Number of protein chains: 2
Amino acid sequence: MFLRTTRNSKPHINTLDDFGIASHSGAAVSLNEITYRKGTEVYGEKEPAEYVYQVKKGAVRTYKLLSDGRRQIGAFHLVGDIFGLADDDAHRFTAEAIIETTLRLIKRQTLETVAETNNLITRELLSMATLNLKHVEDHMLLLGRKDSVERVAAFLVEMDERVASQVMALPMTRRDIADYLGLTLETVSRALSKMRRAGLLDFVGSTQRKIIILDRARLRAAEFQRQ
Amino acid sequence: MFLRTTRNSKPHINTLDDFGIASHSGAAVSLNEITYRKGTEVYGEKEPAEYVYQVKKGAVRTYKLLSDGRRQIGAFHLVGDIFGLADDDAHRFTAEAIIETTLRLIKRQTLETVAETNNLITRELLSMATLNLKHVEDHMLLLGRKDSVERVAAFLVEMDERVASQVMALPMTRRDIADYLGLTLETVSRALSKMRRAGLLDFVGSTQRKIIILDRARLRAAEFQRQ
DNA sequence: CGACCACTTGATGACCGTCAAAGAGTGTGG
DNA sequence: CCACACTCTTTGACGGTCATCAAGTGGTCG
């Protein structure tokens, strides 16, 4: 999991040939799609990893829980992203649909059988795992050493790069963002308000969760506020 | 980097055949060793990744810096660990010898040439990257959601598993531990004192940085304090 | 339209960071 | 070998950032 392949990704990695592995091996690969309603679980932590997933529509959050309910979201998976891949045997996160979400499935078994003999596929998997690693490593710096405004700014920059449209319609709630950034939802809200007052962004329209970035340069600067 | 292969690792992964890749490919692999003095840099972030390293003696820290000096240590590499591997092109961390350290080097170029044709090696690299990923993912939960005592307990449990001797002689300073855990050195010191008063551990002998775990069960419980 | 959920904003407090001082350990040079 | 300098560590006092608790507004959907 943690595959964030839309970000700075080479197209062929982003799609893993759109799961068209059959073309390489000649094996019959069953392509399935499942639609999940808002809030439903795709798989749970420690469950055997039977499938790999690609988001066709919607958005997914993957997270770990502590026994008292504290939650750390590891990644958001948007349209095009592949996740559940780096989990060898058992899943290391729980995955949930944030909104109504359609996923493409591929049997892990199939993928592994192909990878056993096909070095190109194995290298592609390695490349995806490395990309994955980069994101988590950067996120570690954020969680360990950045203050609340820097964290929220980093989140916005990341989302801005990924959705790449004038107005960001974020699927996730303030609580999701907070659990991604290691904050509380109130702190996220305050940071957003602060940035709005500073003219970095604005909330758009009648609907919630629509944000427009007004000043990308200053937003990026806010990610590394303290000089 | 971030290769923490001594922990729960299968021996063949830990050593990658002790870098004896020549035996697979028949290629001439130059094996070099370099010794670094305490505090010296092995490589810097964003430098081209020319080599992969294995710790033969000593200990290494890998970290990222923010412009104002805030530091996040990603991993400590102890004897046997391989690091600098997941950095494709450029290193994503800076690596420094914590104490006098001897490293084995292998040219990345050689490794990649072998991996291009040898699927077994590629799979091994993938396996190491995945192991790597697991550690970072767990660390993300720690940095995002655990309090100071839980963090220090987690650190001690991790080190206890890796050094596996009665008395832990830690190579790193309180500041290193703090920068690994996203805390300050004072907070680390207070957490250790608190655990000592609670009878979980003790400081040993005249020399600093020697810790003995008195109650592993309660130490593990402290890692998930709040129930 | 009403119930519910998401969000914002304020008040308060706790945890941890900062600043400071002193003790302990280490290394070096006379 | 001891003295001195330096680093590392501990502990205390204080303050700030963010978590917690709470209330009210706004949006969504049956």
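Within every chain, numbering begins at 1; the chains are lettered A, B, ... in the order of the sequence lines, protein sequences first and strands thereafter. These numbers were taken from a predicted model, which means no experiment stands behind them.
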message: Within the 4.0 Å heavy-atom criterion, would you say Leu192(A) contacts the bases, only the backbone, or no part of the nucleic acid?
response: nothing

- request: Classify the nucleic acid contact of Gly182(A) as base, sugar-phosphate or nothing, counting any heavy atom under 4.0 Å across all strands shown.
  value: sugar-phosphate

Rounded to the Å, how far apart are [X] [atom1] and [N] [atom2]?
X         : N       : atom1 : atom2 : value
Arg209(B) : dG27(C) : CZ    : P     : 10 Å
Lys210(B) : dT26(C) : NZ    : C1'   : 14 Å
Leu183(B) : dT9(D)  : CG    : P     : 15 Å
Lys194(A) : dC18(D) : NZ    : C1'   : 12 Å
Arg145(B) : dC15(C) : CZ    : P     : 16 Å
Leu185(A) : dC21(D) : CG    : P     : 13 Å
Met195(A) : dT8(C)  : CE    : P     : 13 Å
Ile98(A)  : dA6(C)  : CD1   : C1'   : 15 Å

Electrostatic pair [X]:[Y] at N-O distance under 4.0 angstrom:
X         : Y         : result
Asp81(A)  : Arg162(A) : yes
Asp87(A)  : Arg108(A) : no
Arg220(B) : Glu161(B) : yes
Lys64(B)  : Asp138(A) : yes

query: So which nucleotide from dT8(C), dG17(C), dT18(C) ends up closest to the side chain of Glu186(B)?
result: dT18(C)

Nucleotide nearest Thr173(B) (side chain, heavy atoms from C-beta), chosen from dG17(C), dT10(D), dC8(D): dC8(D)

field: Spacing of Thr62(B) atom OG1 and Gln72(B) atom CD [to the nearest 0.5 Å]
entry: 10.0 Å

query: Which residue pairs pass the salt bridge (charged side-chain N to carboxylate O under 4.0 Å, His left out) test with at least one member in residues 208-217 of chain A, sequence neighbours excluded?
result: Asp160(A)-Arg216(A), Asp215(A)-Arg218(A)

Looking at [X], does any N or O in its side chain come under 4.0 Å of the phosphate oxygens OP1/OP2 on [N]?
X         : N       : result
Ser189(A) : dT8(C)  : yes
Arg175(B) : dC8(D)  : no
Ser193(A) : dT8(C)  : no
Ser148(A) : dC18(D) : yes

- prompt: Ignoring hydrogens and angles, does a donor from either the side chain of Arg190(A) or the base of dT20(D) sit under 3.5 Å from an acceptor on the other?
  reply: yes

query: Name the stems with DNA chain D in them: runs of three or more consecutive Watson-Crick or G-U pairs, distances under 3.5 Å?
result: C:1-30 with D:1-30

field: Distance flag, aromatic centroids of Tyr43(A) and Tyr53(A), threshold under 6.0 Å
entry: yes

